[in-house]
A.B. asks: 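One structure coming up, written as structure tokens, with questions to follow.
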Amino acid sequence: MEEQAFSIWVKSSSDDVANIKNQIDSFANEENKASFDPHVTLVTKINSQQKANDILDQIKKEKITITFDRINEGRSYFQRLYLEASDNNQFYNSVISLEGWPSLWVPHLSLYYGNELPKSYSSINFDKLIPITITFDTLELYKTGPIVSEWKEITTLSLG
């Protein structure tokens, strides 16, 4: 039986993320990969929906406003190219009550998943993308796993 994986994200319903979504779509199309919605993962690698629901109950239900001010290149598939904020305190505060979390977690907003950087990355001017201030107003539980096109939204909560 395939092992289940769940993740809890924050997303924004604001039009402010349109440029980010366009960039994610552009990289995905260029590299023939599945696209995804802009989000920041708060908790990942949850092995059951019940445990995910329990964790979801513990996360603060407050909007998070963050300014992403830099682009970073990671070494892992799901953190290959992403936006990061100098000040992540609001992300940390939302999950501070979770036992054992965050450990080495670095909050980020991915632009691209892959083993290599997208071909057009070096020629893109990101001045129109960052800095960007985003208010995350939705908390979502997703069934995730290694295949992005198979990710499925389970629960959506509005943040107050």
A.B. asks: By the salt bridge (Lys or Arg N to Asp or Glu O under 4.0 Å) test, which pairs, at least two apart or in different chains, include something from residues 40-49?
C.D. replies: none
A.B. asks: List for me each residue that meets side chain to side chain contact (heavy atoms under 4.5 Å, CB included) alongside S76, sequence neighbours excluded, and say none if there are none.
C.D. replies: Q79
A.B. asks: Under 3.5 Å, is there a donor-acceptor pair between the side chain of S110 and the main chain of F78?
C.D. replies: yes
A.B. asks: Quick one: are T138 and S12 in side-chain contact, heavy atoms under 4.5 Å?
C.D. replies: no
A.B. asks: Partners of K11 by salt bridge (Lys or Arg N to Asp or Glu O under 4.0 Å), sequence neighbours excluded?
C.D. replies: D37, E140
A.B. asks: Using side chain to side chain donor-acceptor pair (under 3.5 Å) as the criterion, list what pairs up with T133, not counting sequence neighbours.
C.D. replies: T67
A.B. asks: Taking the side chain as everything from C-beta on, heavy atoms only, tell me whether L139 gets closer than 4.5 Å to L42.
C.D. replies: yes
A.B. asks: Is there any ring-ring contact (aromatic ring centres under 6.0 Å, His included) pair reaching into residues 47-69, and which pairs are they, with sequence neighbours excluded?
C.D. replies: none
A.B. asks: Do Y112 and Y82 make the cut of ring centroids closer than 6.0 angstrom?
C.D. replies: no
A.B. asks: Just to verify, what does K119 make a side chain to side chain contact (heavy atoms under 4.5 Å, CB included) with, not counting sequence neighbours?
C.D. replies: E30, E31
A.B. asks: So F6 and N47, do their side chains get closer than 4.5 Å, heavy atoms only?
C.D. replies: no
A.B. asks: Strictly by salt bridge (Lys or Arg N to Asp or Glu O under 4.0 Å), give each pair with a member in residues 75-92 just once, sequence neighbours left out.
C.D. replies: R70-E84
A.B. asks: I'd like to check the ring pair (Phe, Tyr, Trp, His ring centres under 6.0 Å) partners of F126; sequence neighbours left out, ordered by chain and number.
C.D. replies: Y121
A.B. asks: Mind checking what makes side chain to side chain contact (heavy atoms under 4.5 Å, CB included) contact with N19, not counting sequence neighbours?
C.D. replies: N22, L129
A.B. asks: Verify the distance criterion only: is there a donor paired with an acceptor across the side chains of T41 and S7 at less than 3.5 Å?
C.D. replies: no
A.B. asks: Can you name the residues that form a ring pair (Phe, Tyr, Trp, His ring centres under 6.0 Å) with Y142, not counting sequence neighbours?
C.D. replies: W9
A.B. asks: Does D57 have more than 12 heavy atoms from other residues, nucleotides or ligands lying within 6.0 Å of its CG?
C.D. replies: yes
A.B. asks: With A28, which residues qualify under side chain to side chain contact (heavy atoms under 4.5 Å, CB included), at least two apart?
C.D. replies: S35
A.B. asks: Does some side-chain heavy atom of I134 sit less than 4.5 Å from a side-chain heavy atom of I20?
C.D. replies: yes
A.B. asks: Please identify each residue that fulfils salt bridge (Lys or Arg N to Asp or Glu O under 4.0 Å) with K33, with sequence neighbours left out.
C.D. replies: none
A.B. asks: Taking the side chain as every heavy atom from C-beta outward, state whether V10 and L159 have any pair of such atoms under 4.5 Å apart.
C.D. replies: yes
A.B. asks: Side chains of I55 and N53: closer than 4.5 Å at any heavy-atom pair?
C.D. replies: no
